[in-house]
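Take a look at the structure below.
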Amino acid sequence: MKIVTWNINGVRARIDVLVAWLKESQPDIVCLQEIKTMDEGFPRAEIEALGYHVETHGQKGFNGVALLSKLRPDEVNRGLPGNDSDEQSRFIEGVFSIEGGAIRVCSLYLPNGNPVETEKYPYKLSWMDRLNAFAQSRLALEEPLILAGDYNVIAEPHDCWDVKVWQNDALFQPRTRQAFRRLENLGFTDAVRATTDTTPLYTFWDYQAGCWPKNFGIRIDHLMLSPEAADKLISTNVEKHVRAWEKPSDHVPVAAEFNFAA
DNA sequence: ATGGTTGCATGGCAA
């Protein structure tokens, strides 16, 4: 089973790219972020025509996440628990039946947090606290759980092209990296890091200043796996070639293959 | 060189 996370950067502007990619990549489950539309505006017909179920948690203009899946989810939960007054749409969870049980797949769009001296940074840190609490509570289920998305976290120095450029950025702050590490210390595995060597492997290249041709990228899109999911991990693939397509997102799809039987 | 690009929505914000 192929599970992919992709920050699409506007699903309505990107529908042709998304359809072309779905046909090429043939994923089983897709976690989208930054759909940048309300649920009503999501171009679901084009996706459903390819045999996918569509579940969205949209927002006008900004943010928004979605799950596309060949299997119909048995259960869908919208919003990250822990703050009922949080109106930003950044989290959706789907539960899917597989042979012998269920898997849970979450599409998350973690707050960027810049500029650090504004209220945006404490919002990021509190969101990470909520994510860690959610992850910890789900671990008790002892099920395969995949927390996939745009984490807006540069976890290690080799996950960016130049540490000096990112030193003071919210994505690389010590407290940001520490909060991400808590997820690993709970027992979650970074799927890409677990299956690749130390070669720089980026998932985002800014549109500005020729970052893509210069390979000035960062790795911020992650699939974090519970022990039961990590046990079934076969391989991962950063689908970097998609960044060179016409009208690309600034992020590329990050895929993981599992030996779950549907 | 204090720039540069894109999406949403149509001015300015977020990234």
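Each chain gets a letter, A, B and so on, in the order the sequences are listed, and its residues count up from 1.
In this structure, A/Glu119 places its CD atom 13 Å from P of B/dC13, rounding to the nearest Å. Whole-Å rounding puts the A/Met38 CE to B/dA9 P distance at 7 Å. In this structure, A/Leu110 atom CG and B/dA15 atom P are separated by 11 Å, rounded to whole Å. To the nearest angstrom, P of B/dC8 lies 12 Å from CZ of A/Phe42. Distance, A/Gln88 CD to B/dA15 C1': 13 Å, rounded to whole Å. The CH2 atom of A/Trp212 sits 23 Å away from the P atom of B/dG4 (whole-angstrom rounding). The CD atom of A/Gln59 sits 11 Å away from the C1' atom of B/dA14 (whole-angstrom rounding).
Comparing B/dT6 with B/dG11, their C1' atoms are spaced 16 Å from each other, to the whole Å. Only the P atoms considered, B/dA15 is 15 Å distant from B/dA9, to the nearest whole Å. Taking the P atoms as reference points, B/dC13 lies 16 Å from B/dG3, given to the whole Å. B/dG4 and B/dA14 have their C1' atoms separated by 16 Å, given to the nearest Å.
With DNA chain B read from its 5' end, the first of the two nearest nucleotides for A/Thr37 and A/Asn63 is the one closest to A/Thr37. Residue-to-nucleotide proximity on DNA chain B shows that, of A/Arg12 and A/Asn7, the 5′-proximal contact is made by A/Arg12.
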Nucleotide N/O to protein N/O under 3.5 Å, stretch nucleotides 5-7 of chain B:
from  : atom 1 : to       : atom 2 : distance (Å)
B/dG7 : OP1    : A/Arg14  : NH1    : 3.2
B/dG7 : OP1    : A/Lys247 : NZ     : 3.3

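Residues forming a salt bridge (charged side-chain N to carboxylate O under 4.0 Å, His left out) with A/Glu48 (at least two apart in sequence, or on another chain): A/Arg44.
Looking only at atom types and distance, the side chain of A/Asp221 has a donor-acceptor partner in the side chain of A/Thr203 under 3.5 Å away.
Taking the six-membered ring for Trp and the full ring otherwise, A/Trp245 and A/Trp21 have centroids separated by 6.0 Å or more.
Among pairs with a residue in residues 106-122 of chain A, none fulfils salt bridge (charged side-chain N to carboxylate O under 4.0 Å, His left out), at least two apart in sequence or across chains. Within the structure, no pair that satisfies the salt bridge (charged side-chain N to carboxylate O under 4.0 Å, His left out) test touches residues 202-213 of chain A, not counting sequence neighbours. Evaluation of the salt bridge (charged side-chain N to carboxylate O under 4.0 Å, His left out) test over residues 82-108 of chain A, restricted to residues two or more places apart or in two chains, returns A/Asp86-A/Arg130, A/Glu93-A/Arg104, A/Glu93-A/Arg138, A/Arg104-A/Glu143. Each salt bridge (charged side-chain N to carboxylate O under 4.0 Å, His left out) pair with one or both residues in residues 168-178 of chain A, not counting sequence neighbours, appears once here: A/Glu156-A/Arg177.
A/Tyr109 comes within 4.0 angstrom of sugar-phosphate atoms only, judged by non-hydrogen atoms across all strands, and of no base.
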